[in-house]
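Notes to accompany the following structure.
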2 protein chains.
Amino acid sequence: MQATHERNEQSTEQVRVLVVDDEPNIVDVISMALRFEGFSVDSAGSGADAIASVAASKPQVMVLDVMLPDIDGFEVARRLAGARAGVPILFLTARDGTEDIVRGLTLGGDDYMTKPFSLEELVARIRTILRRSGLTEPESSQLVFADLALDEDTREVSRGARPIELTATEFRLLRYLMANPRRVLTRAQLLDHVWQYDFGGDARVLETYISYLRKKIDVEAPALIHTVRGVGYSLRLPRG
Amino acid sequence: MQATHERNEQSTEQVRVLVVDDEPNIVDVISMALRFEGFSVDSAGSGADAIASVAASKPQVMVLDVMLPDIDGFEVARRLAGARAGVPILFLTARDGTEDIVRGLTLGGDDYMTKPFSLEELVARIRTILRRSGLTEPESSQLVFADLALDEDTREVSRGARPIELTATEFRLLRYLMANPRRVLTRAQLLDHVWQYDFGGDARVLETYISYLRKKIDVEAPALIHTVRGVGYSLRLPRG
DNA sequence: CGCCAGGCTGTGAGTTGTCTGAGAGCTTCC
DNA sequence: GGAAGCTCTCAGACAACTCACAGCCTGGCG
């Protein structure tokens, strides 16, 4: 669903991302999301393809599934170690034992996420990786709207002087809202971006979380989170 | 269904849309509406046709019903996934369980609408999809007439400096009027575009909503909404 | 000038959409 | 292995919206 191009003016050149996963659906979902965020995306379905592709297209960052039919992700990374000369990797891993192994590998500029994840999170992590490795203008990791501020690196959130503690889901939701200020985001957009891509549950969670956020953010201050009945929600200043 | 060509100067080329639905009536209604909006429309009545048609006519956006007699819409999308290389899809789905399933698929540039819908909404969504995916000049999401402004992304409406709150139906009605400034829109056109295509109720709702809009827009300022007795309504400046 | 069809608008009922509290199941952390 | 925290489900209360209806108003025409 429509992501925004707000922050995507990659100065002159598009950043090239290589997405490696053997499930075509996953590749599709990720590629689409990243293209809409302004990245240039290539993909590969196996370890061998991945290695070939790195040589050919010289991506600036890779999204690499650990479970691949031929050479596993770790091995791909190892083989590229010499060649990749600092191409950072975002590993994808199932929620199981491999998690721990990956953690050990994500030293340099690397990072990892467990499947399933939300697109919001994926995009945010890629941005962080790029920022860290100096491959893009170091945009600030701060999102600010009115007196509300959110830092993507430190995960600190505050309204005015008051610090606010958010849970993981609340954070993703607020980050997505703040990345698209004033725009009315539909229920479907919010569910697609903020929840895991395989979320099939009750769409009413969204309302629950909006309610949580309001209790933390919109108390004792002008409300910033607004309901647009029949459509979705929007972050804006009260009009008037 | 007669809509306008006002905003449709697709610089040089027409945008090609493929409409896929097994109900000929629906295909007809949608095709008419889109042609009048300046799109070039092809249609297909089954999943197999759709796939063939994509290969043949290379549409830039698809309107795809999920319930098809042979291959369902999801499967069509999946089979096209490799080949379509980012052809965004607007899924049509009944208001039932499938809604949730579609949501998961509407990542990238896709979107969905539940049947029945209004043509006004359909056209607006296709425009949004095209704008987001960079397939047309990113026209502004702002509609302006005299001192009246309407933003499709933020859904904010204002007259001069004064912000105006509209309900969903009021918004669709005003958007349609503003997309066709000065033109006299007939009662039938308004009902067809702004209300769901299967609306069978009392045509007098229209007057009710015109009345609502006037109260919100045409108070304390020159009236912009004008009645053309026996025909319909028109958005224009008072003559003088 | 009076009549009538067409248009306007206030009232209200039914429907639909949203909010929020309570709690069940999970995970994580000690 | 227990406690705490988080995510998600559910249901009831509430609010907003849509539409129907009916009576009044208005403009056009004889």
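Just so we're on the same page: letters track the sequence lines, and every chain starts at 1. Quick caveat, the model's predicted, so the values are computed rather than measured.
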Side chain to side chain donor-acceptor pair (under 3.5 Å) between S141(A) and R132(A), worked out: CA-CA 10 Å; S141(A) 58; R132(A) 250 199 327 244; over 6 Å; no
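- Between the P atom of dC17(D) and the CG atom of L173(B) lies a distance of 15 Å, rounded to the nearest Å.
- Looking at residues two or more places apart in sequence or on another chain, you find no ring-ring contact (aromatic ring centres under 6.0 Å, His included) involving F145(A).
- The interatomic distance linking I225(B) (CD1) with dG7(C) (C1') rounds to 14 Å, in whole Å.
- Ion pairing between E75(A) and R78(A) holds under the 4.0 Å rule for side-chain N and carboxylate O.
- Q196(A) places its CD atom 11 Å from the C1' atom of dC8(D), with the value rounded to the nearest Å.
- Of all heavy-atom pairs between L224(B) and A146(B), the closest is CD2-CB, 4.3 Å.
- Whole-Å rounding puts the K216(B) NZ to dT9(C) P distance at 14 Å.
- Residues passing the side chain to side chain donor-acceptor pair (under 3.5 Å) test with R236(B), sequence neighbours excluded: none.
- Between L130(B) atom CG and F39(B) atom CZ the span is 5.5 Å, to the nearest 0.5 Å.
- Residues R183(A) and T154(B) have side chains that never bring a donor and an acceptor to within less than 3.5 angstrom of each other.
- Listed pair W195(A) / dC8(D) meets the phosphate criterion, a side-chain N or O lying under 4.0 Å from OP1 or OP2.
- In this structure, CG of L191(A) is placed 11 Å from P of dT9(D), rounded to the nearest angstrom.
- Between its opening and closing five pairs, the helix from dC1(C)-dG30(D) to dC30(C)-dG1(D) changes axis direction by 30°, a value rounded to 10 degrees.
- Going from atom CG of D151(A) over to atom OG of S140(A) covers 7.0 Å, rounded to the nearest 0.5 Å.
- Rounded to a whole Å, the CZ atom of F171(A) is 13 Å from the P atom of dT7(D).
- The phosphate of dC17(D) has neither OP1 nor OP2 within less than 4.0 Å of any side-chain N or O from T167(B).
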Could you go over nucleotides 25-30 of chain D and give all protein N or O partners under 3.5 Å, atom names and distances?
none

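- Listed by chain and number, the residues in a ring-ring contact (aromatic ring centres under 6.0 Å, His included) with Y197(B) are F117(B) (sequence neighbours excluded).
- Spacing between atom CG of L206(B) and atom P of dT9(C) amounts to 13 Å, rounded to whole angstrom units.
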Per-nucleotide protein contact string for nucleotides 19-26 of chain C, where B marks a base within reach and S marks sugar-phosphate only (heavy atoms under 4.0 Å, - for neither): BBS-----
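- One interatomic measurement links the two molecules: CG of D202(A) to P of dC10(D), which rounds to 6 Å at whole-angstrom precision.
- Residue P88(B) comes nearest to D110(B) through the heavy atom pair CA-OD1, 3.4 Å, listed as atom of the first residue, atom of the second, then distance.
- Pairing each heavy atom of L166(A) with each of K216(A), the nearest pair is CD2-CD, 3.7 Å.
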